[in-house]
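Both backbone and side-chain heavy atoms feed into the values below; hydrogens, waters and symmetry mates do not. This is a predicted model, so every value here is computed, not measured. Per chain, numbering begins at 1; letters A, B, ... match sequence-line order.
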Protein chains: 2
Amino acid sequence: MTKSKPAAKKSRQPDVTRRNILDAALYEFAAKGLAGARVDEIAARSGSNKRMIYEYFGNKEGLWLTVLENAYARMREEEHAIDVARMKPEEGMRYLMEFNFKFCSRNPEFIALLNAENLHKASYLKDSKKIRELYTPLLVVITDLLQRGQKSGVFRKNVDPVDLYTTIAALGFFYFSNVHTLSTIFGRNLLSQKEQKARMEHSSDVILGYLRP
Amino acid sequence: MTKSKPAAKKSRQPDVTRRNILDAALYEFAAKGLAGARVDEIAARSGSNKRMIYEYFGNKEGLWLTVLENAYARMREEEHAIDVARMKPEEGMRYLMEFNFKFCSRNPEFIALLNAENLHKASYLKDSKKIRELYTPLLVVITDLLQRGQKSGVFRKNVDPVDLYTTIAALGFFYFSNVHTLSTIFGRNLLSQKEQKARMEHSSDVILGYLRP
DNA sequence: GAATTTCGTAACTGACCGGTTACTTCCCCG
DNA sequence: CGGGGAAGTAACCGGTCAGTTACGAAATTC
């Protein structure tokens with residue numbers, strides 16, 4: 001219509017458009033959940049339009065699953081980039097804990113997304129082919145840390161890697177997932193830098209305290 | 001108001017109707033979130049009708065807040081009923097942990113509700129007058145346990161009661177909150193009795209491990 | 001038993017929403 | 001350079017949903 005040629009901007013860039021849609025969808029889904037999110041709003045925010053969304057992702061639910069898989073993949077990518085295998089057991093474990101904590105702090109949309117998906121009993125994630133394989137390498141790393149720590153006598157025995165990772169995840173995730181209700185209940189601003197720092201130290205203490213022989 | 005008339009028939013029972021609406025709303029909100037829940041569905045399930053919902057609760061959001069406050073109140077009531085003050089410090093702490101865990105297991109709607117409220121940045125809860133006072137007695141109990149444990153030398157020093165309770169809550173809440181995604185990722189049915197039991201023991205170990213001097 | 005209040009039903013409204021379609025624009029390649 | 005297909009636009013559609021209202025029935029009060 002009134003649009004003529006906004007410079008070298010408007011040309012065909014399928015993957016850019018796709019990326020923009022995913023970014024917009026992540027924002028919208030994280031802010032309002034699956035049911036609360038509006039496809040029109042995503043289209044507007046992405047700078048593209050609804051037709052492209054339905055072209056690339058089929059429907060709202062297809063878009064949801066893609067956004068979700070992307071979020072998991074990015075998290076695991078970052079986590080995997082750390083060379084924990086070279087660290088001393090205690091150092092490595094603390095690093096894992098702190099990474100997890102900081103990641104949750106840095107990516108509130110990740111948290112919102114996971115909570116929404118759990119509301120749906122992970123029904124979308126269950127159909128994903130890619131998810132399971134993402135976490136196998138992580139368990140390998142943890143198992144290795146545990147074994148080395150046990151061998152050198154700094155860690156207790158009989159620790160299930162899945163249990164331990166769940167606890168690490170819990171300590172970071174829960175704090176940020178429930179930060180608003182917790183802040184309200186306790187009348188403290190738990191999002192402040194000071195509170196976050198204190199909480200991260202406490203969390204590491206908990207993990208390492210538990211791992212002591 | 002009028003009352004004291006049970007009446008076995010379908011006579012007027014405002015508080016029963018109110019209760020039924022709240023039950024139906026809890027179910028619907030927990031299953032689908034605030035945006036996903038349907039007022040018509042709540043009306044149908046309650047055995048009452050929309051008109052009564054708007055009469056008693058004003059609008060969907062008013063109903064949401066009431067459901068939320070009710071859920072918190074019921075949780076705290078149960079928790080408060082335990083006479084932890086009489087228990088030995090370690091025993092009391094373990095009891096708190098286990099109660100919390102079991103409550104989350106028994107009340108998945110509670111978890112869904114809190115997550116949804118956090119998605120909204122606790123905007124409804126913030127307007128609630130009743131919430132803050134619910135948690136003061138709990139902190140008193142924890143502080144008392146901590147002091148006694150420290151005095152008798154079974155607990156470490158410098159533990160913030162809010163930190164500790166947050167960790168207790170995290171260990172139980174996170175597990176059930178994320179049970180579907182975790183089960184998918186790790187390929188284990190974490191809702192099974194066996195897994196739950198193991199997880200509860202692990203969680204107590206973590207708390208008590210941390211509290212060791 | 002009449003007046004008044006409470007409860008119930010169902011139709012209604014106006015906004016909204018996921019998804020589709022008709023149509024235009026633009027790029028690429030022959 | 002021109003035709004075909006991909007990318008993009010906006011109107012549109014059928015359905016849904018929160019919230020309202022008109023009206024009648026029943027219960028309570030006086």
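- Here B/Arg106 pairs with B/Glu78 in a salt bridge; the nearest charged N to carboxylate O distance falls below 4.0 Å.
- Note: CZ (A/Arg51) to C1' (C/dC17) measures 19 Å, nearest angstrom.
- The separation between A/Tyr56 atom OH and C/dG18 atom P is 21 Å, rounded to whole Å.
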Exercise. List the steps and the verdict of ring-ring contact (aromatic ring centres under 6.0 Å, His included) for A/Tyr210 and B/Tyr210.
Key: CA-CA 6 Å; A/Tyr210 164 72; B/Tyr210 164 71; over 10 Å; no

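- Within 4.0 Å of B/Ala37, counting heavy atoms only, lie sugar-phosphate atoms of the nucleic acid but no base atom.
- For A/Thr17, a side-chain nitrogen or oxygen approaches OP1 or OP2 of D/dG8 to under 4.0 Å.
- Put simply, CD on B/Glu41 is 11 Å from P on D/dA18, counting in whole angstrom units.
- For the pair B/Lys50 NZ and C/dG8 P, the interatomic distance rounds to 16 Å; values are reported in whole Å.
- One can place CD of B/Glu55 at 13 Å from C1' of D/dT20, the figure rounded to the nearest angstrom.
- At D/dA18, one or more side-chain N or O atoms of B/Arg38 fall inside 4.0 Å of OP1 or OP2 (strictly under the cut-off).
- Straight-line distance from the CE atom of A/Met52 to the P atom of D/dT9: 8 Å, rounded to whole Å.
- Taking atom CD1 on A/Ile53 and atom P on C/dC17, their separation rounds to 13 Å, with Å as the unit.
- For A/Asn49, no side-chain nitrogen or oxygen approaches OP1 or OP2 of D/dG8 to under 4.0 Å.
- A salt bridge links B/Asp160 with A/Arg188: the closest approach of a Lys/Arg side-chain nitrogen to an acidic carboxylate oxygen falls below 4.0 angstrom.
- A/Asp15 has its CG atom 16 Å from the P atom of D/dA6, to the nearest Å.
- In this model, the phosphate group of D/dT21 is not approached by any side-chain N or O of B/Tyr54 to a distance below 4.0 Å at OP1 or OP2.
- Of the possible polar contacts, none joining the A/Gln196 side chain to the A/Ser105 backbone as a donor-acceptor pair under 3.5 Å is found.
- At the phosphate of D/dA18, OP1 or OP2 sits under 4.0 Å from a side-chain N or O atom of B/Lys60.
- Ion pairing between A/Arg19 and A/Asp15 fails under the 4.0 Å rule for side-chain N and carboxylate O.
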